[in-house]
Amino acid sequence: MKLSTREDIAVPIAEVFSRVTDFEEFERRAMRRGAEISRTDPVTGPGQGSQWEATFMFRGRERRVQAQMDELQSPEKLSIGSKSSGLDGSFDVQLVALSPSRTRMIVGLELRPQNLSARLLVQSLKLAKASLAKRYAATVSDFAKGIEAEYTPTNPGMTLS
């Protein structure tokens, strides 16, 4: 199952990339929602090979996910792979500079079931794909709006268009 959306952000690509790779902020957000997240690699900053382990409740069951940074190309691309019991996933972010002060962010998520119970989970998600796609797009849109709202140009004479 694949979900994908894109947002145009009135912020330079380098600033968007720094926000997309602020993993400590994402960890704090997930913990506020009840997830337990721990970094499992010795690297402190974002980089290829960074690893996390997360535990959270989903559909009445505790889920454990292991995630790893598969690709990090500053400032254009980020790819994180994940494995759970019977479910593999990939999360990709691509950034395209539309102009010096505008960036297109393309965010994709793909889930691949590896066993019967994961297939049943993905099938139930597919039945609600329209509503999931709307919520996914709304979440990415809110994230993009947050980046725009918090961005302040370093050059005071510069205006965002």
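Here Leu132 contributes atom CG and Leu127 contributes atom CG; the two are 10.0 Å apart, rounded to the nearest 0.5 Å. Atoms CD1 and CG, from Ile80 and Asp70 in turn, are 8.5 Å apart once rounded to the nearest 0.5 Å. Put simply, OG on Ser74 and CD1 on Ile13 are 8.5 Å apart, with the number rounded to the nearest 0.5 Å. Atom OG in Ser79 sits 9.0 Å away from atom CD in Gln48 (nearest 0.5 Å). A distance of 9.5 Å separates OG1 in Thr55 from CD in Gln66, rounded to the nearest 0.5 Å.
Ion pairing of Glu7 with Arg104 is absent here, as no side-chain N (NZ or NE/NH1/NH2) approaches a carboxylate O to less than 4.0 Å. Salt-bridge check for Arg112 with Glu110: passed, with a basic side-chain N closer than 4.0 Å to an acidic carboxylate O. The pair Lys145-Glu148 fails the salt-bridge criterion, with no side-chain N (NZ, NE, NH1 or NH2) lying under 4.0 Å from an Asp/Glu carboxylate O. Between Arg39 and Asp41 there is a salt bridge, since a side-chain N of the basic residue sits under 4.0 Å from a carboxylate O of the acidic one. A salt bridge links Arg19 with Glu150; the closest basic N to acidic carboxylate O contact falls under 4.0 Å.
In the hydrophobic clustering of this structure, Phe58 groups with Leu111; members are Ile, Leu, Val, Met, Phe, Trp, Tyr whose side-chain heavy atoms approach within less than 4.5 Å, directly or through other members. Residues Met1 and Ile106 do not share a hydrophobic cluster, defined by chaining ILVMFWY side chains whose heavy atoms lie under 4.5 Å apart.
Shown here for Pro12 and Pro100, the closest heavy-atom pair between the two residues is CB-O, 3.4 Å. Scanning both residues, Asn115 and Gly86, for their nearest heavy atoms gives ND2-CA, 3.4 Å. For Thr5 against Ala137, the heavy-atom pair with the smallest separation is OG1-CB, 3.8 Å. Nearest heavy-atom pair across Ala10 and Tyr151 is O-CD2, 4.5 Å. Residues Ser82 and Val65 share a closest heavy-atom pair of CB-CG1, 3.8 Å. Taking all atoms of both residues into account, the shortest heavy-atom contact from Ile37 to Ala30 is CD1-CB, 3.3 Å.
No more than 12 heavy atoms of other residues, nucleotides or ligands shown are found within 6.0 angstrom of CZ on Arg6. Within a 6.0 Å sphere centred on CZ of Arg32, other residues, nucleotides and ligands contribute more than 12 heavy atoms.
Taking 4.5 Å as the limit, every side-chain heavy atom of Arg119 sits out of range of all side-chain heavy atoms of Leu121. Counting heavy atoms from C-beta outward, Val20 and Leu78 have side chains that approach closer than 4.5 Å. Using a 4.5 Å cut-off on side-chain heavy atoms (C-beta onward), Asp92 and Ser90 make contact. The shortest side-chain heavy-atom distance between Gln68 and Trp52 does not fall under the 4.5 Å cut-off. Counting heavy atoms from C-beta outward, Gln114 and Asp88 have side chains that approach closer than 4.5 Å. Within the 4.5 Å cutoff, no side-chain heavy atoms of Phe143 are placed close to those of Thr139. Using a 4.5 Å heavy-atom threshold, the side chains of Thr103 and Phe17 count as separate.
Taking the six-membered ring where the residue is Trp, Phe23 and Phe26 present tilted rings, their angle falling between 30° and 60°.
Using modelled atom types, one side-chain atom of Ser99 and one backbone atom of Arg102 make a donor-acceptor pair closer than 3.5 Å. Remark: the backbone N or O of Lys129 is not paired with any side-chain donor or acceptor of Lys134 at under 3.5 angstrom.
A donor-acceptor pair shorter than 3.5 Å cannot be found between the side chains of Gln51 and Glu53.
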Next on the checklist: Tyr136 vs Val107, test: side-chain contact (heavy atoms from CB on, under 4.5 Å). Steps then yes/no.
Outcome noted: CA-CA 10 Å; Tyr136 181 74; Val107 184; 3.2 Å; yes

Next on the checklist: Run the side-chain contact (heavy atoms from CB on, under 4.5 Å) test on Ser18 and Glu15 for me, step by step, so that the C-alpha distance in whole Å, both residues' side-chain angles and the decisive distance to 0.1 Å come before the verdict.
Outcome noted: CA-CA 5 Å; Ser18 72; Glu15 181 66 25; 3.9 Å; yes

Next on the checklist: One pair to check against side-chain contact (heavy atoms from CB on, under 4.5 Å): Met105 and Val96. What are the steps and the verdict?
Outcome noted: CA-CA 7 Å; Met105 180 173 64; Val96 178; over 6 Å; no

